[in-house]
Amino acid sequence: MTKGYIPSFKLNNGLELPALGYGTWLGLDDKMEFNMQDAPKLVEALSYSIDIGYRHIDTADLYRVEKEIGQVVKLKIKEGVVKREDLFITTKVWQHNHRIADVEKSVRESLKRLDMDYVDLVLMHWPMSISVDGVDEKIDYLETYRGLEAVLQKGLTRTIGVSNFNLQQMQRLLANCKVPPATNQIEINLNLGQKELVEYCQSKGLVVVAFTSFGTMVPGRTVPGSPEPKINNPTMVAIAKKHGKAVTQVALRYLYQRGIATIPKSLTKSRILENASIFDFELDEKDIAEIAKFDNGYRTDVPSFWQEYDNYPFEKIPDPEKEIPLALLKW
């Protein structure tokens with residue numbers, strides 16, 4: 001990878017969003033508790049990613065790592081690797097903070113942990129509003145979004161957007177906001193193409209940012225009964241071989257060619273470099289047609305324990321999980 005060569009997408013407010021970012025979600029372990037033991041590895045991995053040219057960092061209040069991110073950024077600025085204005089830093093407001101005043105409080109607390117005057121983008125993490133005790137607060141996401149518009153006006157962030165909004169929610173939000181969101185961050189991968197939602201967002205000038213961009217393809221995410229492609233899928237292996245790339249690079253490149261930004265997460269240096277090395281080749285029409293066949297609407301991240309809450313954005317499933325993991329309620 002040429003150091004620093006990650007192209008950008010222009011946002012609807014004129015700012016540039018690097019097409020590939022570094023995701024900082026450490027995930028939950030088997031006990032549904034946060035993998036906080038990986039925080040030191042994250043510090044090292046993020047530091048490396050900035051050294052090799054990553055400029056887009058994606059985090060959230062929920063992730064519990066804003067403090068560590070702030071420390072890495074400060075160090076890299078001190079070392080002269082980057083200036084603050086070279087970086088695009090996203091954080092998110094969690095479900096407990098959906099009242100207008102709480103949105104501002106949440107963003108100010110994130111800034112305090114990050115030790116920054118502003119972030120580049122604040123997202124509403126989910127359209128649902130749920131208290132720390134798991135109570136449905138039934139706050140309209142339009143109210144929460146007004147809170148985001150207020151923090152934008154106060155200069156606490158340069159951009160605002162949403163995450164996990166479905167098509168109907170996007171349509172309603174765009175019809176009822178003063179400042180249109182710049183992004184919608186959603187799950188997109190080869191199984192879950194979200195064509196209609198992506199095309200709608202793009203037609204309205206929003207940049208779509210994909211999380212879980214490998215779906216169940218990579219060994220750590222594979223679940224019984226999940227569909228192809230896996231990392232050794234013959235079609236994907238053949239396309240990767242043709243371009244002298246890895247299967248995961250083909251997956252990220254495919255999303256990039258759809259005009260979608262990605263924020264893959266890795267704590268492994270070789271993968272961090274590999275993920276960013278997707279801008280020196282192009283998938284042809286035949287490749288794209290083959291890859292498109294894997295899109296079958298299969299969702300990897302299904303938080304079905306929330307499905308009875310107001311504004312849950314996904315289809316309900318017959319046998320939902322009953323308990324909300326405590327890690328998603330209190331910290």
Side-chain angles (χ1 to χ4, degrees), residues 1-25 42 45-60 63 65-66 69-70 72-77 79-92 110 114 116 118-123 157-163 181-189 198 201-202 205-214 245 248-267 269 271-283:
M1 166 190 173
T2 314
K3 195 171 176 182
Y5 181 63
I6 293 176
S8 293
F9 292 118
K10 198 178 271 297
L11 298 175
N12 57 13
N13 61 0
L15 294 182
E16 302 273 339
L17 174 77
L20 187 113
Y22 184 80
T24 63
W25 159 253
L42 176 75
L46 177 60
S47 180
Y48 172 76
S49 70
I50 293 172
D51 286 342
I52 64 163
Y54 280 75
R55 296 294 177 259
H56 170 186
I57 303 165
D58 182 88
T59 193
Y63 302 172
V65 291
E66 288 173 317
I69 289 164
V72 172
V73 167
K74 208 163 212 182
L75 180 66
K76 290 295 147 190
I77 290 171
E79 288 175 359
V81 179
V82 284
K83 297 186 182 79
R84 171 63 188 93
E85 58 270 25
D86 298 334
L87 297 170
F88 193 101
I89 297 171
T90 300
T91 195
K92 308 179 190 82
S110 284
L114 289 160
M116 292 174 190
Y118 70 94
V119 284
D120 298 275
L121 174 61
V122 173
L123 302 178
T157 181
R158 301 204 300 162
T159 321
I160 54 177
V162 293
S163 181
T183 61
N184 185 15
Q185 187 180 122
I186 51 178
E187 179 185 336
I188 304 182
N189 46 59
V198 169
C201 288
Q202 291 175 341
L206 280 84
V207 172
V208 174
V209 179
F211 66 80
T212 313
S213 44
F214 300 130
K245 293 287 177 181
T248 47
Q249 289 175 306
V250 170
L252 291 176
R253 178 71 200 189
Y254 177 75
L255 298 186
Y256 173 66
Q257 286 185 216
R258 289 183 64 199
I260 296 167
T262 50
I263 43 169
K265 180 206 84 175
S266 180
L267 298 174
K269 288 181 179 179
R271 285 208 196 94
I272 292 167
L273 178 60
E274 193 176 80
N275 289 341
S277 307
I278 61 165
F279 301 109
D280 57 354
F281 77 106
E282 191 147 351
L283 298 169

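We use all heavy atoms of the structure for the numbers below, so side chains are in, but hydrogens, waters and symmetry mates are not.
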Please check: side-chain N/O of [X] versus main-chain N/O of [Y], any donor-acceptor pairing under 3.5 Å?
X	Y	answer
Asp86	Lys83	yes
Thr90	Asp58	no
Arg158	Tyr118	no
Arg271	Glu274	no
His56	Phe88	no
Tyr54	Ile272	yes

Rounded to the nearest 0.5 Å, what's the gap from [atom1] on [X] to [atom2] on [Y]? Could you check?
X	Y	atom1	atom2	value
Ser163	Ile186	OG	CD1	8.5 Å
Leu42	Tyr22	CG	OH	5.0 Å
Ile6	Asn275	CD1	CG	10.0 Å
Lys74	Met116	NZ	CE	9.0 Å
Trp25	Thr212	CH2	OG1	9.5 Å
Thr262	Leu20	OG1	CG	4.0 Å

Looking only at the side chains, is there a donor atom on one of [X] and [Y] sitting less than 3.5 Å from an acceptor on the other?
X	Y	answer
Ser110	Glu66	yes
Tyr63	Lys92	yes
Thr24	Thr59	yes
Asp120	Thr159	no
Arg253	Gln257	yes
Ser277	Gln249	no

Which heavy atom in [X] sits nearest to a heavy atom in [Y], and how many Å separate them?
X	Y	answer
Thr91	Ala60	OG1-CA, 3.4 Å
Pro18	Ala261	O-CB, 4.3 Å
Ala182	Leu11	O-CD2, 4.0 Å
Ala251	Phe214	CB-CD2, 4.2 Å

Does Asp280 have any side chain to side chain donor-acceptor pair (under 3.5 Å) partners at least two apart in sequence or in another chain, and if so, which?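 Asp280: side chain to side chain donor-acceptor pair (under 3.5 Å) contacts with Lys245.
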For Lys269, enumerate each residue passing the side chain to side chain donor-acceptor pair (under 3.5 Å) test, keeping only those at least two apart in sequence or located in another chain.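 Lys269 satisfies side chain to side chain donor-acceptor pair (under 3.5 Å) with no residue once adjacent residues are dropped.
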Is there a side-chain contact between [X] and [Y], using heavy atoms and a 4.5 Å cut-off?
X	Y	result
Leu252	Tyr256	no
Leu114	Val119	yes
Pro181	Ile160	no
Ile260	Val209	no
Ile57	Ile50	yes

List the steps and the verdict of side chain to side chain contact (heavy atoms under 4.5 Å, CB included) for Leu17 and Val207. CA-CA 9 Å; Leu17 174 77; Val207 172; 3.9 Å; yes
Evaluate salt bridge (charged side-chain N to carboxylate O under 4.0 Å, His left out) for Glu79 paired with Lys76, printing each intermediate quantity in order. CA-CA 5 Å; Glu79 288 175 359; Lys76 290 295 147 190; 2.9 Å; yes
Passes side chain to side chain contact (heavy atoms under 4.5 Å, CB included), Val198 versus Arg258? Steps please. CA-CA 9 Å; Val198 169; Arg258 289 183 64 199; 3.8 Å; yes
